[in-house]
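In the text below, chain A, chain B and the rest are named by the order of the sequence lines, each starting its count at 1.
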Amino acid sequence: MRIFQKQVKQLSDEELMKLLSKGNQKAFDEIYHRYSDVLFGYFMKMLARDKEKCEDMVHDLFAKIIRKPDYFNVNRSFRTWVFSVACNMCKNEYKRMSVRKHVSNDFEPTKSLQAESDTLKKVHESTFSESFYKALNALDEKHKNVFALRHFEGLSMKEIAETLEINEGTVKSRLFYATKTLAKELKEFNPIYNQ
Amino acid sequence: MEERLLEIFKKSSYHQLSSEEKEFISELCANEEDFENVKHLYSGMESLADESFQMNSDTVKNQLDAEFKEVHSADSGFRILKFLFPPIAPIYAKPGMQIAFLLLFIVTIYVAINRMPINDEKAVLYSQNTEQEDLKRSEEKAETRENKTEQNDDKLTEANTLIPELSIPEDLTESAEIISNDFMIAEVDESIEDVLLMDEMVSPEMAPTTAMAIAGVEGEIDNDELFFIEPIGDNLELLDDLFVTF
């Protein structure tokens with residue numbers, strides 16, 4: 001049994017997916033072990049750290065892998081494929097959230113009250129981490145995706161291009177735009193300006 | 001490229017950068033302020049990189065394991081069963097269930113149609129039967145008539161052979177009238193029979209009376225036995241008594 005476990009651990013993601021599609025439980029366990037935390041972290045960063053929602057997203061993604069393993073093209077990198085699926089799930093979630101936002105806008109309090117609550121929030125969001133994720137989530141979806149995949153998941157420019165099915169040049173320009181915007185938003189945390 | 005960019009931001013201040021390095025980062029930072037902002041961002045992100053997320057949810061893994069077993073348990077069994085009853089599909093979308101409901105629907109309709117009371121069924125069948133019976137009768141009658149005509153023809157041929165020897169009776173005109181009248185009656189009877197047959201087809205209740213009527217007519221013919229006409233060519237005198245009535 002131990003020998004088999006060793007063998008499974010030595011296999012690549014793509015080989016594990018082949019075994020998984022044939023109903024190998026060990027292969028599924030290994031894939032889950034390799035990617036569950038990574039994907040959970042990705043969803044946490046992309047979806048404003050809503051733990052329950054992120055767990056649901058991870059569940060849905062692995063359920064897709066179980067039900068439709070044939071969707072994965074063995075010639076393609078599993079890592080880029082799984083992140084492209086995660087990206088699309090995030091996009092759908094943003095759409096749902098925007099719909100809810102539009103619906104709930106009718107019941108929102110007046111602007112003055114909102115501004116007051118924003119200042120209160122700012123007091124609480126003193127740490128860099130919270131402000132960073134807030135600024136990241138305020139970014140456009142496409143820029144946020146590129147930035148998260150590059151800096152959090154460590155994907156190369158080429159892999160990001162494959163994942164999002166865009167040119168490498170577009171990846172580069174989106175990454176620069178996201179970096180510049182975030183840097184501008186978070187300049188208040190720079191000790192040079194606070195002195 | 002990205003690595004070089006990070007290296008530049010790690011070790012240098014904006015004033016220490018060479019012109020080549022400044023050109024390299026010009027797309028990202030146009031001035032010193034931008035450079036400092038980006039540098040601070042990268043250093044802050046390094047601290048965030050240590051932040052790791054762990055999903056310690058056994059419920060998610062257990063649910064996925066159950067789902068995995070459900071999907072792949074059918075692999076060891078019959079493939080047709082897996083096709084008919086896929087484990088993930090909802091019950092109404094399983095082809096096996098759909099086929100079962102379709103069969104049930106067809107059987108229900110078949111049984112319902114068979115049990116449905118139809119009042120006109122007997123009448124329809126009766127009329128159909130009488131039609132067939134009438135056809136048989138008419139065929140039988142036609143046969144009997146043919147037989148009779150054959151017999152008559154035989155008699156006529158016999159009579160023809162005897163004509164020269166026979167003496168023409170004086171009341172030939174009367175007998176000719178009688179014969180012709182009988183022949184006309186026979187023709188009328190035939191037409192009556194047709195009408196009666198038509199009546200029978202329309203109303204089956206009339207069938208017995210029609211049959212009786214036909215039997216009566218036939219009886220008359222049998223009794224008379226005068227169903228032959230002498231050929232005129234042999235007895236031209238017969239034409240003498242004929243005259244135009246119109």
Side-chain angles (χ1 to χ4, degrees), chain A residues 20-25 28-29 32-33 36-45 49 51-52 54-56 58-63 65-69 128-129 131-133 135 147 150-152 154 156-157 172-173 175-177 179-193, chain B residues 1-6 8-9 13-14 24-77 79 82 86-89:
Chain A
L20 190 150
S21 63
K22 287 172 186 170
N24 190 320
Q25 176 78 43
F28 172 68
D29 289 344
Y32 184 83
H33 176 71
S36 60
D37 288 343
V38 176
L39 289 166
F40 179 69
Y42 174 76
F43 284 127
M44 281 289 276
K45 285 158 195 164
R49 302 190 166 205
K51 199 188 170 195
E52 280 182 19
C54 292
E55 282 182 356
D56 288 344
V58 171
H59 172 269
D60 292 350
L61 201 155
F62 278 101
I65 291 172
I66 291 167
R67 287 176 202 174
K68 306 280 179 188
F128 176 81
S129 170
S131 299
F132 171 78
Y133 285 115
F147 191 86
R150 178 70 195 98
H151 292 290
F152 301 139
S156 66
M157 294 281 199
K172 192 183 159 189
S173 66
L175 188 64
F176 279 4
Y177 176 85
T179 308
K180 274 166 82 172
T181 313
L182 283 173
K184 206 180 273 183
E185 288 289 320
L186 298 167
K187 70 176 182 183
E188 60 190 89
F189 290 93
N190 196 337
I192 297 168
Y193 298 105
Chain B
M1 182 209 137
E2 187 77 3
E3 283 71 28
R4 195 187 167 196
L5 203 69
L6 289 171
I8 291 168
F9 282 107
S13 68
Y14 191 74
F24 186 75
I25 61 161
S26 63
E27 207 176 334
L28 195 59
C29 326
N31 51 40
E32 190 184 352
E33 191 187 343
D34 289 346
F35 178 82
E36 290 300 329
N37 288 338
V38 174
K39 192 180 173 182
H40 179 256
L41 176 71
Y42 280 145
S43 63
M45 276 168 56
E46 271 181 12
S47 64
L48 288 177
D50 300 333
E51 189 183 30
S52 60
F53 295 95
Q54 284 193 330
M55 197 177 72
N56 297 319
S57 177
D58 292 333
T59 51
V60 173
K61 180 72 172 84
N62 292 336
Q63 281 174 1
L64 288 167
D65 285 342
E67 213 158 322
F68 189 87
K69 277 174 190 167
E70 201 182 349
V71 170
H72 292 285
S73 60
D75 285 351
S76 54
R79 281 189 176 183
K82 192 187 173 186
I88 293 297

Write down the atom of B:Asp65, the atom of A:Gln25, and the distance for their closest heavy-atom approach.
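Between these two residues, the closest heavy atoms are OD1-NE2, 3.0 Å.
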What pair of heavy atoms forms the shortest contact from B:Lys61 to A:Asp29, and how long is it?
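Heavy atoms only, the tightest pair is NZ-OD1, 2.7 Å.
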Let me know if A:Tyr32 has heavy atoms under 4.5 Å from chain B in its side chain, its backbone, both or neither.
side chain
Does any heavy atom of chain B fall under 4.5 Å from the side chain of A:Leu20, the backbone, both, or neither of them?
both
Comparing B:Val60, B:Leu41, B:Leu64 against chain A, the one with the most heavy-atom pairs below 4.5 Å turns out to be B:Leu64
Do the ring planes of B:Phe68 and A:Phe28 sit parallel (below 30°), tilted (30 to 60°) or perpendicular (above 60°)?
parallel
From the list A:Gly41, A:Ser156, A:Cys54, the residue making the most non-hydrogen contacts under 4.5 Å with chain B is A:Gly41
Hey, what do you get for CD (A:Glu55) to CD (B:Gln63), rounding to the nearest 0.5 Å?
10.0 Å
Does atom OH (A:Tyr133) have a neighbourhood of more than 12 heavy atoms from anything else shown, all under 6.0 Å?
yes
